[in-house]
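Worksheet for the structure shown next.
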Number of protein chains: 2
Amino acid sequence: MHEPDAEAGPKPDADRGRAACSGDHVRACTVREVLDRVGGKWSIGIIIEASRGPIRFTELERSVEGISRRMLTLTLRNLERDGLLVRTTYPTVPPRVEYVATEMARELYDSLLVLTGWAERHRQAIAAAREAYDRRSAGTD
Amino acid sequence: MHEPDAEAGPKPDADRGRAACSGDHVRACTVREVLDRVGGKWSIGIIIEASRGPIRFTELERSVEGISRRMLTLTLRNLERDGLLVRTTYPTVPPRVEYVATEMARELYDSLLVLTGWAERHRQAIAAAREAYDRRSAGTD
DNA sequence: CGGTATCCCACCGGATACTG
DNA sequence: CAGTATCCGGTGGGATACCG
């Protein structure tokens, strides 16, 4: 998800996160690594769809509801770059391109299910906390 | 954020085992809920610090390296609003304010550790994928 | 000490039009 | 069909100054 110029430097930030992180912050940084990868608005949805088998561009466009052509392309490229998706083109007319999640991506998705569990367990509590906080703030005005 | 279950599309082609499973859309949505909460640049770092016991504003400012006063305040407010942090003020002079992670936040952190594991296991593979992708792109220019 | 208030910009993501 | 190219707005987040 970069504007054309932004990615200019072909500098693979392979060991990113080591130098800047020390001690307990290593974990925070590691989590951020993942978040930077799948934190985008559409990444998860695409990974889920592509985890079920090869899927075409327009199929994704339909099944990931609300996504624009641009963001679909951008997100696909990033996921492919990170090795989470494999892109296969068939030189037919009209062209046919399929995307499929890698094993690594499926593992990631499984890991994310743990977060889903957390969210489901605490959804009510969070909603309640928000309501309480907002009510207090309203009174403090 | 939740689109109401408009997932409903009756899928005529059951050819590829891509049967309509409305749960996927819900899962993607649930993951996004969490991401919206802790996807910010500083949330995780703050939660980690506050998980180890009550910590003061300026202590956080020092231990979460690189954070600005503004972002510290904003992130603290959001985390408090979601019930992930408890804020306690002591009416002393000078004022003393302490933040501490709730049990819910610690559970969240534990869940995030699963992601840390994933990131550590695949860090090399991702770096390699990026390098390969960037090299290919350079050639395709 | 523990914040607000402002200004500012990078950049994510939406809409639309064009193309091989 | 599977993308690019462009334009544009909203906002996350940095820097700085001020306040109770």
Side-chain angles (χ1 to χ4, degrees), chain A residues 1-9 20 28 32 35-46 49-50 54-81 85-100 136-137 140-141, chain B residues 1 3 28 32 35-46 49-50 54-82 85-100 137 140-141:
Chain A
M1 354 216 134
H2 315 287
E3 288 337 325
D5 55 311
E7 195 62 30
R32 287 241 91 266
L35 262 35
D36 288 342
R37 225 139 254 135
V38 299
K41 187 172 180 180
W42 307 105
S43 305
I44 302 296
I46 292 176
E49 292 299 321
I55 184 170
R56 301 180 64 172
F57 188 88
T58 36
E59 288 178 320
L60 279 169
E61 201 174 2
R62 277 191 301 270
S63 49
V64 181
E65 281 171 57
I67 196 170
S68 67
R69 236 185 195 74
R70 181 180 122 89
M71 286 317 294
L72 179 54
T73 303
L74 247 34
T75 309
L76 285 172
R77 291 294 170 272
N78 284 328
L79 293 176
E80 186 195 357
R81 186 164 107 102
L85 246 43
V86 173
R87 176 174 180 271
T88 311
T89 61
Y90 301 92
T92 60
V93 177
R96 179 189 185 87
V97 179
E98 284 184 346
Y99 296 89
V100 65
R136 266 176 297 164
S137 299
T140 310
D141 282 345
Chain B
M1 168 185 196
E3 284 111 283
R32 287 240 93 265
L35 262 35
D36 288 342
R37 225 140 255 134
V38 298
K41 187 171 180 182
W42 306 106
S43 305
I44 301 297
I46 292 176
E49 293 299 322
I55 184 170
R56 301 180 63 170
F57 188 88
T58 37
E59 289 179 319
L60 278 169
E61 201 173 3
R62 277 192 301 271
S63 49
V64 181
E65 279 172 60
I67 195 170
S68 67
R69 236 183 191 71
R70 181 183 125 89
M71 285 318 294
L72 180 53
T73 303
L74 283 178
T75 310
L76 285 173
R77 292 295 170 270
N78 283 329
L79 293 175
E80 187 196 354
R81 185 163 109 102
D82 286 342
L85 245 45
V86 172
R87 178 175 180 269
T88 313
T89 60
Y90 300 92
T92 60
V93 177
R96 178 188 185 87
V97 180
E98 285 183 347
Y99 296 89
V100 64
S137 299
T140 310
D141 283 344

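Order of the sequence lines sets the chain letters (A, B, ...), proteins ahead of strands, with each chain counted from 1.
Atom C1' of nucleotide C:dG3 and atom CZ of B:R70 are separated by 13 Å, given to the nearest angstrom. Summarising the geometry, the separation between OH on A:Y90 and P on D:dA2 is reported as 12 Å, rounded to the nearest angstrom. Going from atom CD of B:E80 over to atom C1' of C:dG3 covers 13 Å, rounded to whole Å. In this structure, CD1 of A:I44 is placed 12 Å from P of C:dG13, rounded to the nearest angstrom. Look at CG on A:L74: it is 11 Å from P on D:dA5, rounded to the nearest Å. Look at CE on A:M71: it is 12 Å from P on C:dA15, rounded to the nearest Å. Regarding B:K41, its NZ atom lies at a distance of 11 Å from the P atom of C:dC11, rounded to whole Å. Across the protein-nucleic acid pair, B:E59 atom CD and C:dG2 atom P stand 8 Å apart, rounded to whole Å.
Neither OP1 nor OP2 of C:dA5 sits under 4.0 Å from any side-chain N or O of B:R69. Side-chain N/O atoms of B:Y99 include one lying less than 4.0 angstrom from OP1 or OP2 on C:dG3. For D:dA2, one of the phosphate oxygens OP1 or OP2 lies less than 4.0 angstrom from a side-chain nitrogen or oxygen of A:T58.
Here the side chains of B:E98 and B:Y90 are in contact, with some heavy-atom distance below 4.5 Å. Here the side chains of B:V100 and B:T88 are not in contact, with every heavy-atom distance at 4.5 Å or above. Within the 4.5 Å cutoff, the side chain of B:V64 has no heavy atoms near those of the B:L72 side chain. With a 4.5 Å cut-off on side-chain heavy atoms, A:L74 and A:W42 do not count as touching.
Each of A:P94 and A:T73 was matched to the nucleotide of DNA chain D holding its nearest heavy atom; the match closer to the 5' end belongs to A:P94. Place B:E98 and A:G39 on DNA chain C by their nearest nucleotides, and B:E98 ends up nearer the 5' end.
Taking every side-chain heavy atom of B:P95 into account, C:dG2 is the closest of C:dG13, C:dG3, C:dG2. Checked against D:dG14, D:dC1, C:dG3, the side chain of A:R56 finds its nearest nucleotide in D:dC1.
Here the closest non-hydrogen pair linking B:L79 and B:R37 is CD2-O, 4.5 Å.
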